[in-house]
Amino acid sequence: MAFARIARTGLRRTGGTFGSYSCEGDVFLCEGSTNRRSPFPSLQNAKAGRDFSYISSTRKFNRMSMQSRGIRVTPQYQSATAERIVEESESEYDEPMYPGLEATKPGEKPRVVVLGTGWAACRFMKGLDTRIYDVVCISPRNHMVFTPLLASTCVGTLEFRSVAEPVNRIQSALATSPDSYFYMASCFGIDTDKHEVYCETVSNGGLPHDPYQFKVAYDKLVIAAGAEPLTFGIKGVKEHAFFLREVNHAQEIRKKLLLNLMLSENPGISEEEKKRLLHCVVIGGGPTGVEFSGELSDFIKRDVQDRYTHVKDYVKVTLIEASEILSSFDVGLRQYATNHLTKSGVSLMRGVVKEVHSKKIVLSDKTNVPYGLLVWSTGVGPSQFVKSLDLPKAPGGRIGIDEWLRVSSVEDVFALGDCAGFLENSGRPVLPALAQVAERQGKFLVKLLNKIGKKDGGKAFSAKDIPLGDPFVYKHLGSMASVGRYKALVDLRQSKDARGVSLAGFVSWLIWRSAYLTRVISWRNRFYVAVNWATTLVFGRDNSRIG
């Protein structure tokens, strides 16, 4: 093969030809022969067009620094000529070479790769027996977000660090075990035949090569990559609206809100412009939209009235929903929430957004709604990464799974959380994208994999004959939502049409706070949350704009 590459290089330099060649890996294919399909669609498309310019030349890596963390790299060549020939050959004819973690060897612990750091992934990693497995977590963020309290951070009720928990505190092996790692990266491809995932680091150009790509071989793969906010393809949403899914989303909302308050006090600002700047519009009447509206109205009543007296009368909150707010809650609770929000100064409007501009929303009935802050909370759907995977899909575009959370038709791959749903042939409905669903799935799967590992089924392709036990069964524990001003809703029914306990008011608010305080994942963050609540109660919310 080396002689063939040298001859090929020589022919290129002299301008000679030897038929028409297309190369995949180390296989030469004469024109007219059958091509072998590439595992990556982008690579296959490039080969179809005979354009290999997109493949960069082979990169050089520091072998000692890589191997100190167990990462194997392509060996260096002693001869400069040989290295040049190999680089030219591989860059022009072969598939990209990635550094990374190779497959585990006999005698080594099996490796579980987890994609994501959401509720499902973190609950799974927290319970994983690291005496049996090594764990590698890959995610563009290094923390878990306690999403039920995220709305409170937008207005200063809680500090941002109170709702974020580093993953290496959830699973200490990521920081201490020599063969367990956290990689801040995004996965862009999975080869289920080779048992490898392909990733691209999240960086700002600080690495020698940007984008920096690598691979990780797995024995078991857990896909818990979450979901993305639904925009329904409405023009202007992604460009002008704020979402509320991550800590950085809450930070941006807070900065925009405080900026608009301060800008509106500048001299020469017209009455109309002040009304627009201080009009906060929330799209979506689910729990997130209602809780954010309640927190915002509480902030206006308690803090803005005292600290922004020049513009306090211009501040307005509007909640736009296509049908009814909190549609999954009991009818009596929905009515209570409607009355309470209206009394708190939140304007409820029914409508469907047709288009979003930089300073106004256009509804389907052609009504124009000017705004200064727009928060979009209309549910979630499959991410672009999930859509790109060549895996079975459940209704709604999620990754299709069976009763044991296994991805059908592939070995050693599991999916859970917002990115996964039961296949139609399983006879089970697709579960809602809720934190409690994801957490319960993570708890179920970690017990299953620990059981498989104890029976020597942790390695790739080794769990086929191991009995899995009872399948996953989800039992809804109820729903809660805060509506502001020390009021909340508690709906303990197991389904929308079932009977059960429903509460609203101050007692429900105490239950809501107590429940979420106990669900915060660490004692450190529980302390932060309790102290933040007490500080806000005594001194009010902080209105400093930093950044």
Side-chain angles (χ1 to χ4, degrees), residues 118-120 122-124 127 146-149 224 226-227 284-291 294 321 323-338 340 377-381 394-396 398 400-405 415-448 469-483 487-521:
W119 281 83
C122 288
R123 182 61 186 86
F124 172 83
F146 193 79
T147 48
L149 297 178
T288 301
V290 168
E291 289 190 339
E321 169 58 40
S323 55
E324 293 188 51
I325 65 171
L326 301 174
S327 58
S328 63
F329 281 67
D330 177 74
V331 176
L333 296 182
R334 294 203 299 265
Q335 190 59 49
Y336 180 91
T338 300
H340 180 79
S377 176
T378 58
V380 295
R398 299 185 188 185
I401 55 174
D402 65 10
E403 295 90 336
W404 290 272
L405 310 184
L416 61 165
D418 295 353
C419 70
F422 291 120
L423 291 167
E424 283 186 295
N425 58 18
S426 70
R428 297 189 175 199
V430 176
L431 297 176
L434 299 175
Q436 62 174 296
V437 174
E439 185 180 28
R440 304 268 283 287
Q441 288 181 334
K443 185 177 181 180
F444 171 86
L445 184 59
V446 75
K447 288 183 179 179
L448 179 61
D470 296 331
F472 174 75
V473 177
Y474 173 69
K475 182 179 178 182
H476 188 62
L477 298 179
S479 303
M480 295 185 292
S482 170
V483 291
K487 300 294 190 296
L489 313 176
V490 176
D491 190 351
L492 301 181
R493 298 176 305 156
Q494 293 187 8
S495 67
K496 185 176 180 179
D497 300 322
R499 293 184 179 182
V501 178
S502 299
L503 302 173
F506 180 73
V507 174
S508 298
W509 178 80
L510 290 176
I511 296 173
W512 175 82
R513 282 210 163 180
S514 300
Y516 282 145
L517 185 61
T518 59
R519 299 307 299 165
V520 173
I521 201 164

*Pair Ile401-Leu416, side-chain contact (heavy atoms from CB on, under 4.5 Å): steps then yes or no*: CA-CA 8 Å; Ile401 55 174; Leu416 61 165; 6.0 Å; no
*asked:* Checking Leu489 against Leu326 for the side-chain contact (heavy atoms from CB on, under 4.5 Å) test, could you report, in this order, the C-alpha distance in whole Å, the side-chain angles of both residues, the deciding distance, and whether it holds?
replied: CA-CA 10 Å; Leu489 313 176; Leu326 301 174; 3.4 Å; yes
*Mind running side-chain contact (heavy atoms from CB on, under 4.5 Å) on Tyr516 and Met480 for me, showing each step along the way?*
CA-CA 10 Å; Tyr516 282 145; Met480 295 185 292; 4.1 Å; yes
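Counting only distance, with no hydrogens or angles, the side chain of Asp491 and the backbone of Asp330 share a donor-acceptor pair below 3.5 Å. Listed for the Ser426 side chain is a donor-acceptor partner under 3.5 Å among the backbone atoms of Leu423. Side-chain atoms of Arg334 come within 3.5 Å of backbone N or O of Phe329 as a donor-acceptor pair. Side-chain N or O atoms of Trp404 include one that pairs as donor or acceptor with a backbone N or O of Gly469 at under 3.5 Å.
Contact between Gly478 and Gln436 at its shortest, heavy atoms only, is O-NE2, 2.9 Å. Listed here is the closest heavy atom pair of Gly417 and Ala438: CA-CB, 4.0 Å. In plain terms, the two heavy atoms of Ala488 and Ser482 that are nearest each other are CB-CA, 3.9 Å. Contact detail for Arg493 and Arg499: the closest heavy-atom pair is CG-C, 3.8 Å. When all heavy atoms are compared, the tightest approach of Gly381 to Ala227 is O-CB, 3.1 Å. Across all their heavy atoms, Gly289 and Ser377 have their closest contact at N-OG, 3.5 Å.
Trp512 CH2 to Leu517 CG: the interatomic distance, rounded to the nearest 0.5 Å, is 10.5 Å. Distance NE2/His476 to CG/Leu431: 11.0 Å, rounded to 0.5 Å. With rounding to the nearest 0.5 Å, the separation of OH in Tyr336 from OG in Ser502 is 13.5 Å. A distance of 9.0 Å separates CD of Gln335 from CD1 of Ile325, quoted to the nearest 0.5 Å. Residue Trp119 holds its CH2 atom at 11.5 Å from CG of Asp418, rounded to the nearest 0.5 Å. Distance check, rounded to the nearest 0.5 Å: CD1 of Ile521 to CZ of Arg123 gives 8.0 Å.
The aromatic rings of Phe444 and Phe472 lie perpendicular to each other, with more than 60° between the two planes, well past the 30° mark.
Environment of CG in Asp470: sparse, with no more than 12 heavy atoms of neighbouring residues, nucleotides or ligands closer than 6.0 Å.
With sequence neighbours left out, Phe422 forms a ring pair (Phe, Tyr, Trp, His ring centres under 6.0 Å) with no residue at all.
There is no side-chain donor-acceptor pair under 3.5 Å between Tyr474 and Gln441.
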